[in-house]
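Structure record follows, encoded as structure tokens.
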Amino acid sequence: MVEFEPMQRRFYQRSTELVARSLLGKLLIRTTKAGLAAVRLTELEAYLGPSDLACHTFGGRRTPRTEVMWGPAGFSYVYLVYGMHHCLNVVTVGEGHGEAVLVRGGLPVLGEELMRERRAGGRGLSDGPGKLCQALSITRTDNGLDLCDPESGLYLGDDGTKVPLTEVRSLPRVGVAYAGEAATWPLRFLWQPPTTHPVTE
DNA sequence: TCTAGGATCGGCT
DNA sequence: GCCGATCCTAGAT
């Protein structure tokens with residue numbers, strides 16, 4: 001079984017923007033009965049809590065759905081969008097902040113065949129939040145997992161890949177036109193690897 | 001209870 | 001490039 005060094009809780013207990021940017025190039029590793037699959041993250045978005053109109057916790061909203069967003073950093077927040085797609089987020093900063101990073105896309109590095117099966121003929125394996133969740137078999141039942149613990153079946157790890165700041169682009173977030181000025185904030189972070197980085201180990 | 005609308009995707013024009 | 005699918009969530013009655 002391949003294992004990677006999991007990101008520690010401290011990694012997530014920083015500003016949401018910094019966590020989003022720092023997650024570029026990291027590995028999202030998923031283990032299920034069907035096997036192991038992993039992607040290298042290339043696209044993330046920061047959601048800045050009560051002051052961010054695009055964020056589910058805007059204005060201090062605290063509901064059953066958003067409960068884990070108010071909890072400790074390093075846990076998963078998974079919700080259903082448009083009645084059919086799941087989105088994976090990572091809670092940041094710490095308890096009471098309501099901030100998170102949306103995982104929007106990555107490149108397959110392990111278990112590509114398994115991902116292809118799960119995507120069942122769709123185009124692209126993990127180049128979108130809904131596709132990534134489908135390829136890694138992530139649903140609302142995976143809400144509230146501890147992403148610092150490989151035992152949870154879903155965690156983030158580091159294989160030493162470096163992402164130079166000069167290769168990172170920041171743009172406005174996708175699909176939040178309703179959020180007024182917040183829709184223009186450059187909180188979407190993209191990394192296009194110069195070449196594909198193979199998994200070392 | 002009821003209702004409007006959504007952090008998307010894929011099929012069709 | 002446009003549009004419908006699909007059903008949960010949150011806020012309003």
Side-chain angles (χ1 to χ4, degrees), chain A residues 12 15-24 26 28 30 37 39 41-71 73-93 97-108 112 114-145 147 154 156 168-191:
Chain A
Y12 303 103
S15 86
T16 303
E17 287 180 72
L18 186 55
V19 174
R21 223 165 49 205
S22 305
L23 278 174
L24 290 169
K26 297 293 186 286
L28 176 64
R30 175 63 161 161
V39 299
L41 301 182
T42 56
E43 183 175 354
L44 299 134
E45 283 179 359
Y47 285 83
L48 306 185
S51 62
D52 179 359
L53 184 48
C55 188
H56 289 170
T57 57
F58 175 72
R61 271 198 308 254
R62 189 159 189 155
T63 64
R65 180 178 65 151
T66 61
E67 193 55 31
V68 294
M69 277 192 78
W70 294 101
F75 283 76
S76 65
Y77 168 48
V78 183
Y79 68 93
L80 188 67
V81 263
Y82 299 110
M84 59 188 97
H85 302 292
H86 295 274
C87 287
L88 169 68
N89 298 252
V90 184
V91 178
T92 54
V93 190
H97 286 264
E99 302 190 35
V101 169
L102 169 68
V103 179
R104 286 193 60 88
L107 298 168
E112 189 167 337
L114 181 54
M115 292 173 65
R116 203 180 303 282
E117 282 170 32
R118 286 166 171 160
R119 287 282 297 130
R123 282 189 293 273
L125 294 183
S126 49
D127 56 338
K131 298 186 210 177
L132 181 140
C133 282
Q134 190 182 16
L136 297 181
S137 189
I138 296 167
T139 67
R140 275 180 308 158
T141 59
D142 301 301
N143 190 43
L145 293 181
L147 301 176
L154 185 65
L156 287 145
V168 175
R169 282 187 298 150
S170 55
L171 297 166
R173 294 170 293 183
V174 173
V176 296
Y178 61 86
E181 195 213 326
T184 67
W185 299 346
L187 295 177
R188 178 187 183 204
F189 299 95
L190 286 156
W191 176 51

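In the text below, chain A, chain B and the rest are named by the order of the sequence lines, each starting its count at 1. Below, each value reflects all heavy atoms present in this structure, side chains not excepted, and no hydrogens, waters or symmetry copies.
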Would you indicate what [X] reaches in the nucleic acid, counting non-hydrogen atoms under 4.0 angstrom: base, sugar-phosphate, or nothing?
X: Leu80(A); result: sugar-phosphate
X: Arg188(A); result: nothing
X: Arg65(A); result: sugar-phosphate

Rounded to whole angstroms, how far apart are [atom1] on [X] and [atom2] on [N]?
X: His86(A); N: dC8(C); atom1: NE2; atom2: P; value: 10 Å
X: Met69(A); N: dT9(C); atom1: CE; atom2: C1'; value: 15 Å
X: Glu43(A); N: dC9(B); atom1: CD; atom2: P; value: 10 Å
X: Arg173(A); N: dG6(B); atom1: CZ; atom2: P; value: 15 Å
X: Leu88(A); N: dT8(B); atom1: CG; atom2: C1'; value: 15 Å
X: Leu190(A); N: dA7(B); atom1: CG; atom2: P; value: 19 Å
X: Leu102(A); N: dT8(B); atom1: CG; atom2: C1'; value: 11 Å
X: Asp127(A); N: dT8(B); atom1: CG; atom2: P; value: 13 Å

Quiz item: Between Gln134(A) and Arg119(A), does any side-chain donor sit less than 3.5 Å from a side-chain acceptor?
Solution: yes
Quiz item: Taking any strand in view, what nucleotide pairs with dC8(C) in a Watson-Crick or G-U wobble way, both distances under 3.5 Å?
Solution: dG5(B)
Less than 4.0 angstrom between a side-chain N/O of [X] and OP1 or OP2 of [N], yes or no?
X: Arg62(A); N: dT9(C); value: no
X: Tyr82(A); N: dG4(C); value: no
X: Arg104(A); N: dT8(B); value: yes
X: Thr63(A); N: dA10(C); value: yes

Exercise. Using a strict cut-off of less than 4.0 Å between a Lys/Arg side-chain nitrogen and an Asp/Glu carboxylate oxygen, indicate whether Glu112(A) and Arg116(A) qualify as a salt bridge.
Key: yes
Among [options], the one nearest [X] by side-chain distance:
X: Tyr178(A); options: dA10(C), dC9(B), dG6(B); answer: dG6(B)
X: Asn89(A); options: dA5(C), dG10(B), dA7(B); answer: dA7(B)
X: Arg123(A); options: dG11(B), dC9(B), dA7(B); answer: dG11(B)

Quiz item: For the base of dA7(B), is there a side-chain donor-acceptor partner from Tyr79(A) under 3.5 Å away?
Solution: yes
Quiz prompt | Integer angstrom distance from the C1' of dC3(C) to that of dG5(B) | solution = 16 Å
Self-check item: Minimum side-chain heavy-atom gap Leu147(A)-Leu154(A) below 4.5 Å
Solution: yes
Quiz prompt | Most 5' of Arg119(A) and Cys55(A) on DNA chain B, judged by nearest nucleotide | solution = Cys55(A)
Practice problem: Show your working on side-chain contact (heavy atoms from CB on, under 4.5 Å) between Val176(A) and Arg188(A) and close with a plain yes or no. | Solution: CA-CA 11 Å; Val176(A) 296; Arg188(A) 178 187 183 204; over 6 Å; no
Quiz prompt | For Leu23(A), the option from Leu41(A), Thr92(A), Val103(A) that meets side-chain contact (heavy atoms from CB on, under 4.5 Å) | solution = Leu41(A)
Exercise. Taking all heavy atoms of Leu48(A) and all of Glu99(A), pick out the closest pair and write down the distance.
Key: C-CG, 3.6 Å
Practice problem: Name the residue closer to the 5' end of DNA chain C, choosing between Arg140(A) and Met84(A) according to the nucleotide with the nearest heavy atom. | Solution: Met84(A)
